[in-house]
Amino acid sequence: MTPEAMPSLRSQVRDAVEAAWQIARTELTPADGAPAAEPVTIERPADAARGDFASATALRLAKPYRRAPLQLAQAIAAHVVTTATDPNSPIASVEVAPPGFLNIRLSDGVLAAATGRILADPATWGRVTVAKPERINVEFVSANPTGPLHIGNARGAFTGDLLCRVLSAAGHTVTREYYFNDFGSQVKNLGASVLAIRQGCDLPEDGYRGDYVYEMEKEMPAAVLTEAEQPGEEPSWTVGRWASEQVRSGIEASLEHLGCHFDVWRSESTLHKDGWVAKAIERLKAAGDVYEEDGAVVFRSTKFGDDKDRVILRSTGDSAPTYFAADIGYLVEKFSRGYQRIVFIWGEDHHGYVARVKAAAESLGFDRDQVQMILTAWVRFVRDGKEISMSKRSGDFITLDELLGEIGVDAARWFFASRAPSSGIDFDIELAKKQSAENPVYYVQYAHARIASILRKAEESGMKLPAAGDPRLTELLAGVLPGAPEALLARQIVRLPEIVEDAAAEEETLGITAYATDLATTFHAFYRDARVIDADEPDRSAARLALIAATKITLANALGLLGITAPEQM
RNA sequence: GCGCCCGUAGCUCAGUGGAUAGAGCGCCAGGUUGCGGACCUGGAGGUCGUGGGUUCGAGUCCCGCCGGGCGCGCCA
């Protein structure tokens, strides 16, 4: 399989400081209470001139250990192993700065080694392995197949896709899942709408009237109509099922076009047919968490923190299960596939459902934290200062395909990747079109293409990089790293794994877009300050070529995490 | 009314309780006898909605208020 992911340099530094602290603490006693479980933290200093990493550990430990922070910092620093005593240490130096910070500098050796490793194994560069890899199911989009995806679905699609990419890169095993409803009355309405057009009648009051409905009517095979006219089921259902499958496969095509691939497409009707809903209700009953009221069967979700209990079997009609009952059945079905964690990407208008679904998970015997909801804030789509309403029934909406025709997939991906899911967005279509040309994504892609161009030029002039794994490579790099342009670029490149760690932990991709932009900026400055191709300085040229080749891989992998292309030229 | 989310530069947005609050866009002033000028350098621009509190330290945590969004179905 894939070679082992390299731990971030930050975690290596943390381990080194942690080891030093463990020695230093034997000379100290805590004042009272237990010391912090994770006393050593490592961060990036606000000012890069202070060093590669910083730690405020001594400041935090000062009180529990009743020591002056400065004194504690010195005690820790004294025990940190640096290259002075061990040439293999990643740390070149540790300095103590008032009021008690540790400022840490990486060694050229570890930078050279990391750069060499990037060239030797580009595919796994940036991948990390979290402490506890999990099997995770992520369900997103899940728009009902009654109409094409509109721009309101964009955020869920990108947020879910980005999350899956990041979780995978951090070592989790991820299944991407789409749930769609082919059981509710909307499907019948869709069918009735198609039939009404065919028969020249007025559309039903709550029918669908978008252009796509008329197109489906034209394309409907005769066989569908023949089947619909058979005795038994109402024709609207038969036609509706056919129509919704047309819509569903159109949705799938749109999503693939966006780079959002789904592993599993699951329909509500199969959950009922395969008995998962019934099974779930039995389990809730067995747990003693249901009761009957006014002829309905109710789940006692308040026992697990919900505001009110929820009906799962209706009192009306044929005691049909509610939509929520199907959700619970789905939960049972998903857990039966062995996932440790089940994630839902929902619009924030669904936040009221969080408590009941978590309650169901708990009643079923799972940990409520195994079920996780990520809520995306509302996107207000605006054109000329007016909000665009989005209604499938009225047919008044802008499809996702139309939007992406105007601003491009890479620009749209970057737009959503660089915003926290929880922040509300005003998306002005006209502004977005104008700004898409100035989207920072092109700045990053340009850096990548520029490097590709230099590498092509180098090859034409017969210059070659030392082969990956050649010890001469590390030697050449170490020779050049004391130089300022090289030192800055190398330090920026090697951060990728820690950026991925943070993105996976925070389940956001903001940090990746910021990092990619920083790396591009650092490269452009390097380009300005350091001539790469120089026949008079073959060793230096080779080392610089190696550095920019590693930069190119890092840019491509960072963009890849966002599902964005890294062009060789533009 | 109750609950959840949000309020940071002109605009769009960052900012795991740590050092002088940042980026992009926009605006102003500059930069190339050389590997891609879709680039680079510098500048202006902030009562972090507001009032208290917690502590060595608060944009960040707690409480109140103001403003905006969303939700409170035997719909899906």
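Small disclaimer: the values here were computed from a predicted structure and weren't measured. First the proteins, then the strands, lettered A, B, ... as listed; each starts at 1.
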### Task
Would you kindly check whether a donor in the side chain of A:His351 faces an acceptor in the base of B:C70, or vice versa, at under 3.5 angstrom?
yes
### Task
Looking at every strand, decide which applies to A:Ala530 at a 4.0 Å heavy-atom threshold: base, sugar-phosphate, or nothing.
base
### Task
Let me have RNA chain B in dot-bracket notation, would you? Count Watson-Crick plus G-U wobble pairs, both distances under 3.5 Å, and use [ ] for pairs crossing earlier ones and | for inter-strand partners.
(((((((..((((....[...)))).(((((.......))))).....(((((..]....))))))))))))....
### Task
Could you check whether A:Ala296 gets within reach of a base, just the sugar-phosphate, or nothing at all, counting any heavy atom under 4.0 Å?
base
### Task
Whole angstrom is fine here: how far is it from CD in A:Glu508 over to P in B:A14?
8 Å
### Query
Phosphate oxygens OP1/OP2 of B:G37: is one of them under 4.0 Å from a side-chain N or O of A:Tyr443?
no
### Message
With a 6.0 Å cut-off (strictly less than), is the heavy-atom count around CD of A:Glu43, excluding the residue itself, greater than 12?
### Response
yes
### Query
Do A:Tyr353 and B:C75 share a donor-acceptor pair, side chain to base, under 3.5 Å?
yes
### Summary
Checking B:C74, B:G71, B:C13 against the side chain of A:Arg419 (C-beta onward), the nearest is B:C13
### Task
Look at the side chain of A:Ser315 against the base of B:C74 and say whether a donor-acceptor pair falls under 3.5 Å; ignore hydrogens and angles.
yes
### Query
Does the distance from a Lys or Arg side-chain N to an Asp or Glu carboxylate O, for A:Lys552 and A:Glu568, drop under 4.0 Å?
yes
### Message
Students often get this wrong, so: under 4.0 angstrom with heavy atoms, is A:Ala54 touching a base, only sugar-phosphate, or nothing?
### Response
base
### Minimum-distance nucleotide to A:Val311 side chain [options: B:A14, B:G36, B:C74]
B:C74
### Task
Determine the contact category for A:Asp294: base if any of its heavy atoms lies under 4.0 Å from a base atom, sugar-phosphate if only primed atoms, P, OP1 or OP2 are that close, otherwise nothing.
base
### Summary
Only residue of A:Lys308, A:Lys303, A:Arg310 satisfying salt bridge (Lys or Arg N to Asp or Glu O under 4.0 Å) with A:Asp306 is A:Arg310
### Message
So that I can tick it off, tell me whether A:Glu139 and A:Arg266 are bridged by a salt bridge, with the cut-off set at under 4.0 angstrom between side-chain N and carboxylate O.
### Response
no
### Message
Using a 4.0 Å heavy-atom cut-off, does A:Glu43 contact any base of the nucleic acid, only the sugar-phosphate backbone, or nothing at all?
### Response
base
### Task
Under 4.0 Å between any heavy atoms, over every strand shown, what does A:Glu568 touch: base, sugar-phosphate, or nothing? Just pick one.
base
### Query
According to a strict under-4.0 Å criterion, is A:Thr517 in side-chain N/O contact with OP1 or OP2 of B:G24?
no
### Query
Taking N and O atoms by type only, does the side chain of A:Tyr179 place a donor or acceptor under 3.5 Å from a partner on the base of B:A76?
no
### Message
Taking any heavy-atom pair under 4.0 Å as a contact, classify A:Asp182: base, sugar-phosphate, or nothing.
### Response
nothing
### Query
Hey, is A:Phe101 doing a stacking thing with B:A19, by the 5.5 Å centroid and 30° angle criteria?
yes
#### Entry: Atom-to-atom span, OH of A:Tyr323 to P of B:G73 - whole angstrom
17 Å
### Query
Closer than 4.0 Å, any side-chain N/O of A:Lys457 to the OP1 or OP2 of B:G36?
yes
### Query
What nucleotide, of B:A14, B:A76, B:C35, holds the atom closest to the side chain of A:Ile454?
B:C35
### Message
Under 4.0 Å from OP1 or OP2 of B:U41: is there any side-chain N or O of A:Arg528 that close?
### Response
yes
### Message
Using a 4.0 Å heavy-atom cut-off, does A:Arg310 contact any base of the nucleic acid, only the sugar-phosphate backbone, or nothing at all?
### Response
nothing
### Query
Expressed in whole Å, how much space separates the C1' atoms belonging to B:G46 and B:G22?
11 Å
### Query
What interatomic distance, in whole Å, is found between C1' of B:C27 and the corresponding atom of B:G10?
9 Å
#### Entry: Basic-acidic side-chain contact under 4.0 Å: A:Lys457, A:Glu460
no
### Query
At under 4.0 Å between heavy atoms, what does A:Tyr527 touch on the DNA or RNA strands: base, sugar-phosphate, or nothing?
base
### Task
Report the nucleotide, chosen from B:C5, B:G73, B:G36, that has the shortest atom-to-atom distance to any side-chain atom of A:Ser422.
B:C5
### Message
Can you measure A:Met373 atom CE to B:C5 atom C1' for me and round it to whole angstrom units?
### Response
16 Å
### Query
Looking at residues 445-453 of chain A, who's got a heavy atom less than 4.0 Å off RNA chain B?
A:Tyr446, A:Ala449, A:Arg450, A:Ser453
### Query
Salt bridge between A:Glu537 and A:Arg544, side-chain N to carboxylate O under 4.0 Å?
no
### Message
Categorize A:Ser418 for me: base, sugar-phosphate, or nothing, with a 4.0 angstrom heavy-atom threshold over every strand shown.
### Response
sugar-phosphate
### Query
Can you tell which of A:Tyr323, A:Phe180, A:Tyr330 makes a side chain to side chain contact (heavy atoms under 4.5 Å, CB included) with A:Glu268?
A:Tyr323
### Message
Please identify which of these residues, A:Arg495, A:Glu501, A:Arg14, meets the side-chain hydrogen bond (donor to acceptor under 3.5 Å, both in side chains) condition with A:Ser8.
### Response
A:Glu501
### Query
Of the nucleotides B:A14, B:G24, B:C74, which one has an atom closest to the side chain of A:Pro440?
B:G24
